[in-house]
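Right, one structure below, let's go through it.
Note that the structure is a prediction, hence the values are computed from the model and not measured.
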Amino acid sequence: MREFLAEGSPIVEAAGAWRGTQTRIREFLNCKEPQTPCRIVDLATVERHLFELRMALPSAELVHAVRCGQAAGVLGSAARLGCRFDAATPGDVDLCLLNGIAPTALSYTGTEDLADVSDRGVRLFGVDGEQGLDALAALAPGAAVYCRVPAPGPNDCGAVLGAAVEVLGTARWLGLVPYGISFRIGASLAELVGVPASWRDHLLVCAAGIQEAFGERGDLRLLVEPGDSVVADASVVIGELGAGPLPTYCV
């Protein structure tokens, strides 16, 4: 047990970081006394997580899922760290545009209103498979497309990437432009939030498989979508949740 509690160990580093998050949130509550229920998000923690991911995979494009953090402060933090934004609904697109995010920084993973979203300047679309590619090719001809896949373990990385490359091949045949492959790492790393060393180890395993799978396909890009894992331990909910909207305050 001593080695896990030694100075500089992942557990001690994570505990220290979380104490900092708690302190900033507590100071905000003491000063502002917001009406509850509400959610408080510590932007310093959000940016720390995104920075750690950037350092782990410097060649990847980070993708912030708008549904996982819609507050203007969270969107601003993600923009400052050079993130792309995944919009799942036309409302997500509107929210980003209202917060000064250019449509060229957006990708759309919804299945409806494709033509409308394309007309607003969004020309990158994410898919989970071949289903829906026909509609995308008809409603947003010539758009770029990437395939979303779950983050694989060490033994199935090649299989996951191989299937995604086949999807992109079909997209090219339909007149769309293959853009890359997106790893959705949020669910697989949920239990590792706050332990940066474990994040890096897992991501580097994925990166090794990506390099091997892409090989001659150097024009394809790697996207990483951390999902809820970036904001989860950067926020707390105060009060009992109700049926209405939950106000969010960023500190």
Side-chain angles (χ1 to χ4, degrees), residues 53 56-68 83-90 92-93 103-118 121-190 199 201-229:
L53 287 171
L57 287 176
S59 61
E61 294 185 15
L62 298 187
V63 182
H64 172 64
V66 177
R67 66 188 179 280
C68 296
C83 288
R84 182 175 289 282
F85 294 83
D86 166 29
T89 66
D92 287 348
V93 174
T104 53
L106 298 179
S107 60
Y108 187 70
T109 52
T111 57
E112 299 180 354
D113 301 298
L114 298 174
D116 180 52
V117 169
S118 178
V122 179
R123 297 295 294 161
L124 177 61
F125 295 81
V127 299
D128 297 321
E130 294 188 358
Q131 184 177 4
L133 283 177
D134 287 331
L136 181 59
L139 297 173
V145 62
Y146 64 88
C147 185
R148 303 196 305 171
V149 296
N155 297 322
D156 60 1
C157 194
V160 169
L161 290 174
V165 170
E166 288 186 10
V167 171
L168 295 179
T170 301
R172 188 190 298 275
W173 184 79
L174 290 170
L176 300 167
V177 180
Y179 187 84
I181 295 173
S182 169
F183 278 128
R184 298 156 64 187
I185 65 173
S188 61
L189 293 184
W199 280 42
D201 291 345
H202 187 88
L203 290 174
L204 290 174
V205 169
C206 294
I210 291 160
Q211 295 296 333
E212 181 179 353
F214 281 5
E216 298 176 357
R217 300 181 176 90
D219 56 332
L220 292 182
R221 296 166 177 82
L222 162 67
L223 300 92
V224 172
E225 181 188 326
D228 287 315
S229 61

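- In terms of heavy-atom proximity, Asp92 sits nearest to Ala87 at CB-CB, 3.6 Å.
- Pairing each heavy atom of Ala164 with each of Val149, the nearest pair is CB-CG1, 3.9 Å.
- Side-chain contact check for Thr109 versus Tyr146: some heavy-atom pair is nearer than 4.5 Å.
- In this structure Tyr108 satisfies the side-chain hydrogen bond (donor to acceptor under 3.5 Å, both in side chains) test with no other residue, sequence neighbours excluded.
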For this session: List the steps and the verdict of side-chain contact (heavy atoms from CB on, under 4.5 Å) for Val63 and Val224.
Result: CA-CA 6 Å; Val63 182; Val224 172; over 6 Å; no

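- For Arg123, the side-chain hydrogen bond (donor to acceptor under 3.5 Å, both in side chains) partners are Ser118, not counting sequence neighbours.
- Qualifying side-chain hydrogen bond (donor to acceptor under 3.5 Å, both in side chains) partners for Ser182, counting only residues two or more places apart in sequence or in other chains: none.
- Once rounded to the nearest 0.5 Å, the distance linking CD of Glu225 with CG of Leu53 reads 12.0 Å.
- Glu166 is linked by a side-chain hydrogen bond (donor to acceptor under 3.5 Å, both in side chains) to nothing, counting only residues two or more places apart in sequence or in another chain.
- Atom CG in Leu62 sits 13.0 Å away from atom CG in Asp86 (nearest 0.5 Å).
- In this structure, Cys68 SG and Asp228 CG are separated by 4.0 Å, a value rounded to the nearest 0.5 Å.
- Rounded to the nearest 0.5 Å, atoms CG (Leu133) and CZ (Phe125) are 12.0 Å apart.
- In this structure, the side chains of Leu124 and Val145 stay at 4.5 Å or more apart for every pair of heavy atoms.
- Taking OG1 from Thr170 and CD from Gln131, the interatomic distance works out to 13.0 Å, rounded to the nearest 0.5 Å.
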Throw together a table of side-chain donor-acceptor distances under 3.5 angstrom for residues 172-181, partners on residues two or more places apart or in other chains.
| unit_1 | atom_1 | unit_2 | atom_2 | d |
| --- | --- | --- | --- | --- |
| Tyr179 | OH | Glu61 | OE1 | 3.0 |
| Tyr179 | OH | Glu61 | OE2 | 2.7 |
| Tyr179 | OH | Arg84 | NH2 | 3.3 |

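- Nearest approach of Leu222 to Phe183, heavy atoms of both residues: CD1-CD1, 3.7 Å.
- Legend: residues meeting salt bridge (charged side-chain N to carboxylate O under 4.0 Å, His left out) with Asp128, ordered by chain and number and at least two apart, are Arg148, Arg184.
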